There are 2 protein chains.
Amino acid sequence: MTQDDLDAEVAELLSEFDQRYTAGRKRLVSTLSAGAGPLTITEILAADNTQAQSSVYRNLTILESVGAVTRIVTSDEFARYELAERFTEHHHHLICNSCGSVEDFALDASVEKTLDDALHHAAERSGFRVQEHRLDLLGLCRNCS
Amino acid sequence: MTQDDLDAEVAELLSEFDQRYTAGRKRLVSTLSAGAGPLTITEILAADNTQAQSSVYRNLTILESVGAVTRIVTSDEFARYELAERFTEHHHHLICNSCGSVEDFALDASVEKTLDDALHHAAERSGFRVQEHRLDLLGLCRNCS
DNA sequence: CTCAGTGCAAAGGATTTGCATGCCG
DNA sequence: CGGCATGCAAATCCTTTGCACTGAG
């Protein structure tokens with residue numbers, strides 16, 4: 001997906017909720033889109049210091065509420081944000097226990113399928129309605145190991 | 001594993017780090033062991049109000065540092081704690097997007113094996129050294145759906 | 001003109017820490 | 001006795017919110 005396509009789709013999502021696609025929000029989407037994984041507020045501010053921290057929080061909250069970005073928490077005390085899955089490939093995270101960095105990775109489609117089937121089956125037994133799954137690996141990244 | 005066995009092993013872990021297995025810590029282990037899933041500080045305090053909140057935080061931190069309990073964060077703003085995996089069966093979490101409750105569930109050993117192999121393989125490609133994996137399901141629990 | 005979006009500073013809330021006291025070893 | 005553990009309260013730090021101002025439509 002090109003940046004223009006992305007912008008158009010995010011704008012569409014926002015408009016459905018009577019929200020504008022302002023310059024600040026556009027920059028956030030662009031920054032997240034450029035990252036190799038979910039970014040912390042600090043990282044976002046470092047990459048784009050054109051807006052106040054509170055605006056970043058507010059805009060990310062709005063982008064999340066319309067389904068354009070996803071907020072994730074790993075283990076450390078910083079929340080991270082990434083583009084919603086509709087704009088990316090389904091993927092998982094490599095979380096470094098040492099430096100806290102988070103990187104994306106994907107699984108074979110066949111494994112993903114097996115997993116998904118097993119998950120739905122297991123959840124059914126508990127009367128749980130699955131909306132999505134979250135699979136992360138914890139360990140040491142290339143730099144820290 | 002009986003409560004006595006559990007106590008003995010936790011005591012052993014603590015002693016390796018020159019930490020005592022005090023009454024407060026013992027109660028925490030017992031409380032966590034009784035829960036159907038990871039508990040929040042609030043839930044822990046509700047189940048055992050014999051120690052100050054700060055002591056609960058401090059003791060949980062110590063228990064985590066010696067590997068007796070695990071701290072997990074889901075999506076909401078409350079951290080949760082559960083007994084470390086060495087004291088439980090390998091399991092995953094059903095996280096309710098509505099009420100925030102967290103329940104345990106397990107996967108077939110064969111699926112778990114397939115998954116684990118695929119994960120190690122995928123991580124290798126990124127130069128990542130896997131220590132553990134974390135797999136949670138997000139959706140609606142029996143009560144909320 | 002109007003009203004959402006923004007920046008700044010102050011408030012909130014989970015978690016941590018300083019300090020004096022109590023208790024185990 | 002000595003030092004770790006604890007309670008209480010104050011401090012931290014990420015995140016949220018109040019308020020006045022700006023800018024797009």
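As the structure is a computational prediction, the values presented were derived from the model and not from experiment. To find a chain, count down the sequence lines: A is the first, B the second, and so on, and within it residues start at 1. For the numbers below, each heavy atom of this structure counts, side chains included, while hydrogens, waters and symmetry mates do not.
Taking the side chain as every heavy atom from C-beta outward, A:R71 and A:V73 approach each other to under 4.5 Å. Side-chain atoms of A:L135 and A:L107, non-hydrogen and from C-beta on, do get closer than 4.5 Å to each other. B:C99 has its side chain within reach of B:C141: a pair of non-hydrogen atoms, C-beta onward, lies under 4.5 Å apart.
Atom CG of A:D18 and atom C1' of C:dC3 are 13 Å apart (whole Å). Atom P of nucleotide D:dT15 and atom CZ of A:R80 are separated by 11 Å, given to the nearest angstrom. Rounded to whole Å, atom C1' of C:dT17 lies 13 Å from atom CD1 of B:I62. D:dT16 atom P lies 10 Å from atom CD of A:Q53, rounded to whole Å. Following rounding to the nearest Å, A:K26 (NZ) and D:dA24 (C1') show an atom-to-atom distance of 13 Å. With rounding to whole Å, B:L60 atom CG is found 14 Å from C:dA14 atom C1'.
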Discussion item. Between B:R129 and B:E124, is the salt bridge (Lys or Arg N to Asp or Glu O under 4.0 Å) condition met? List the steps.
Written reply: CA-CA 7 Å; B:R129 186 180 309 174; B:E124 240 170 44; over 6 Å; no

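Not counting sequence neighbours, the partners of A:R27 by the side-chain contact (heavy atoms from CB on, under 4.5 Å) test are A:A23, A:D48, A:T50. Shown here are the side-chain contact (heavy atoms from CB on, under 4.5 Å) partners of A:K26, two or more places apart in sequence or in another chain: A:D7, A:Y21. With sequence neighbours excluded, no residue forms a salt bridge (Lys or Arg N to Asp or Glu O under 4.0 Å) with A:E112. Contacts of A:D117 classified as salt bridge (Lys or Arg N to Asp or Glu O under 4.0 Å), with partners at least two apart in sequence or in another chain: A:K113. Scanning for salt bridge (Lys or Arg N to Asp or Glu O under 4.0 Å) contacts around B:R134 gives A:D136, with sequence neighbours left out. Every residue two or more places apart in sequence or in another chain that forms a ring pair (Phe, Tyr, Trp, His ring centres under 6.0 Å) with B:H93 is listed here: B:H91.
Between the side chains of B:H90 and B:H133, at least one donor N or O lies within less than 3.5 Å of an accepting N or O. Checked by atom type, the side-chain pair A:N59/A:Q51 shows a donor-acceptor distance below 3.5 Å. Side-chain contact check for B:T114 and B:D116: no donor-acceptor pair (N or O, by modelled atom type) lies under 3.5 Å.
Against DNA chain C, the stretch residues 33-41 of chain B makes heavy-atom approaches under 4.0 Å through B:I41. For DNA chain D, the residues of residues 43-52 of chain B within the heavy-atom distance limit of 4.0 Å (strictly under) are B:T50, B:Q51, B:A52, sorted by number.
A salt bridge is absent between A:E9 and A:R86; no separation between the charged side-chain nitrogens and carboxylate oxygens falls under 4.0 Å.
The 12-atom threshold is not exceeded at CD of B:E89, counting heavy atoms of other residues, nucleotides or ligands nearer than 6.0 Å.
For residues 49-73 of chain A, the set of pairs meeting the ring pair (Phe, Tyr, Trp, His ring centres under 6.0 Å) definition, not counting sequence neighbours, is empty.
The side chain of A:S54 lies closest to D:dT17 when the candidates are C:dT16, C:dT15, D:dT17.
Counting non-hydrogen atoms under 4.0 angstrom, B:Q19 reaches the backbone sugars and phosphates but no base. Residue-level contact check: A:R58 touches the bases, meaning some heavy atom is under 4.0 Å from a base atom. Here B:N59 lies in heavy-atom contact (under 4.0 Å) with sugar-phosphate atoms only.
OP1 or OP2 of D:dG7 lies within a sub-4.0 Å distance of a side-chain N or O belonging to B:S55. For D:dC4, neither phosphate oxygen OP1 nor OP2 lies less than 4.0 angstrom from any side-chain nitrogen or oxygen of B:T22.
Comparing the axis of the opening five pairs of the helix from C:dC1-D:dG25 to C:dG25-D:dC1 with that of the closing five pairs yields an angle of 30°, rounded to 10°.
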Please produce a list of atom pairs where a protein N or O lies less than 3.5 Å from an N or O of nucleotides 11-14 of chain D.
none

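Taking both residues in full, the closest heavy atoms of A:L138 and B:F128 are given as C-CE2, 3.9 Å, listed atom of the first, atom of the second, then distance.
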Practice prompt. Sugar-phosphate means primed atoms, P, OP1 and OP2; the rest is base. With that split, encode nucleotides 20-25 of chain C 5' to 3' as B, S or - using protein heavy atoms under 4.0 Å.
Written response: ------

